[in-house]
Amino acid sequence: MFNHLDGAMPWFAGWGTLALINAGLAQGKNRSGLLWFVLSLLVGPLGTLILVLLPKVRQKLF
C-alpha cells in the first residue's frame, strides 16, 4: 500500500529523532523545547546549527 514510502522511512525516523535531540538541546539553553521541536521538524539539521550557535538564555536573578 505504501511501497513508495519504504525508502523514506529511515529519513522520517532520523528527522524525528533529530527534532527530539534539538528540543533537549534547546531546554539545556533555557529555550522552549516545544518550539524548537516544531522548528526542527521544519528545518532539520539547520535548526541544530542555529541552536549550537545561539547563546544560553540567562535565568532571572530573582
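These values consider heavy atoms only, across backbone and side chains, with no hydrogens, waters or symmetry-generated copies.
Within the 4.5 Å cutoff, the side chain of Leu18 has no heavy atoms near those of the Ser40 side chain.
Here the CG atom belonging to Leu54 is positioned 9.5 Å from the CG atom belonging to Leu25, to the nearest 0.5 angstrom. The line from CG of Asn22 to CG of Leu49 is 10.5 Å long, rounded to the nearest 0.5 Å.
Using a 4.5 Å cut-off between side-chain heavy atoms of Ile, Leu, Val, Met, Phe, Trp and Tyr, with links allowed through other members, Val57 and Leu53 fall into different hydrophobic clusters. Leu42 is connected to Val52 through a chain of hydrophobic side-chain contacts under 4.5 Å among Ile, Leu, Val, Met, Phe, Trp and Tyr, so both are in one cluster. Both Leu51 and Leu46 are members of a single hydrophobic cluster when ILVMFWY side chains are connected at heavy-atom separations under 4.5 Å. Under the 4.5 Å side-chain heavy-atom criterion for Ile, Leu, Val, Met, Phe, Trp and Tyr, Ile50 and Leu35 are members of the same hydrophobic cluster.
Sorted by first and then second residue, the side-chain hydrogen bond (donor to acceptor under 3.5 Å, both in side chains) pairs with a member in residues 27-36 read Asn30-Gln59; sequence neighbours excluded.
Residues Trp15 and Gly44 approach most closely at CZ2-CA, 3.3 Å, considering heavy atoms. Nearest heavy atoms, Phe37 versus Ala23: CB-CB, 4.0 Å.
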